[in-house]
Amino acid sequence: YKQLKIQIPKQDQIDDNQDCHLVNKCLVLKHQLYPNYSQKEHQNFKHLFAERLLQVDEGMFTNVPIETIFCPSLVRVCGREYRGGFEGTTIENVNLPNLTTVEHYGFWRCSVKQLFAPKLQHIGYFAFANCSLVTVELQQLKVVENYGFSRCWKLKRANLPSVVQMCAGAFCDCERLETLRVPKLQSVGNTVFNYCKRLRIVETQLSQNEFSCCSWCKCCVVCKQQLHKAQLFGSITNVKELKDKQIKIRHLMLALDKVH
Ligand SMILES: [Zn+2]
Ligand SMILES: [Zn+2]
């Protein structure tokens with residue numbers, strides 16, 4: 001609770017007969033679901049305390065200036081174009097241990113810096129686009145739909161060991177992205193690394209010719225045809241292999257430096 005820096009309302013402050021009520025600047029939701037309920041009319045809260053909430057519906061908190069959330073049961077964040085569940089909020093720390101799905105635009109244009117979602121499996125269009133993430137580590141994530149992490153301009157490293165599908169533009173315009181680990185990737189859309197100028201290491205089992213970019217980029221690993229140089233095969237299983245691969249990476253970096 002303390003880690004989240006959320007002011008948890010005291011039990012005696014929570015009115016047993018009331019729901020959707022404010023305690024200081026904290027909105028308290030008591031039930032599991034709130035179908036078709038928009039919080040836009042109550043803009044004057046900064047924290048969300050929803051211990052049992054399972055689903056954030058589309059548009060539910062769009063553009064509400066929420067700073068912290070406590071939703072340990074949350075499974076799904078719904079959304080569609082410009083109606084992402086948490087779209088445009090000011091949440092910096094997303095700590096959702098039971099989250100499995102973020103639909104389209106779910107956290108689009110948020111201030112998210114830290115993302116802890118160990119069960120997250122599927123993210124939709126623009127789900128985390130334009131966020132402030134620096135590193136992304138999602139052990140269970142399988143599908144990144146179109147532009148899922150695009151324009152995360154602070155993002156440096158992404159470790160996605162279970163991802164099998166990345167759709168078009170998944171990481172485009174991540175200008176600071178250096179390392180991407182997708183050892184199980186099976187299918188990839190167009191322009192996934194469009195304008196990823198600093199991307200050097202991509203761990204994947206796919207080959208260069210399975211990636212494609214657009215004619216106006218010209219600066220990513222695909223356009224420069226450097227993917228084969230910055231490529232590792234399979235996944236790391238033991239320490240010796242890891243060391244071998246680290247040596248390989250160093251050699252790759254040196255080789256790339258010579259090219260530049
Ligand atoms: Zn979808
Ligand atoms: Zn390119």
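Ligands are counted one by one from 1 in listed order, and the atoms in each one are counted from 1 as well. Fair warning: this is a prediction, and the values are worked out from it, not measured in the lab.
Other residues, nucleotides and ligands contribute more than 12 heavy atoms inside 6.0 Å of the NZ atom of K30. Within a 6.0 Å radius of NZ in K142, more than 12 heavy atoms belonging to other residues, nucleotides or ligands are found.
The SG atom of C213 and the SG atom of C223 meet at the Zn ion (ligand 2) at an angle of about 100°, given to 10°. Our summary of the site lists the angle at the Zn ion (ligand 2) between SG of C220 and SG of C217 as 110°, to the nearest 10 degrees.
For a distance bound of 2.8 Å, the N, O or S atoms of C219 include none lying that close to the Zn ion (ligand 2).
The side-chain hydrogen bond (donor to acceptor under 3.5 Å, both in side chains) search around E58 returns R80, not counting sequence neighbours.
Taking the ring centroids of Y82 and W108, they lie under the 6.0 Å cut-off.
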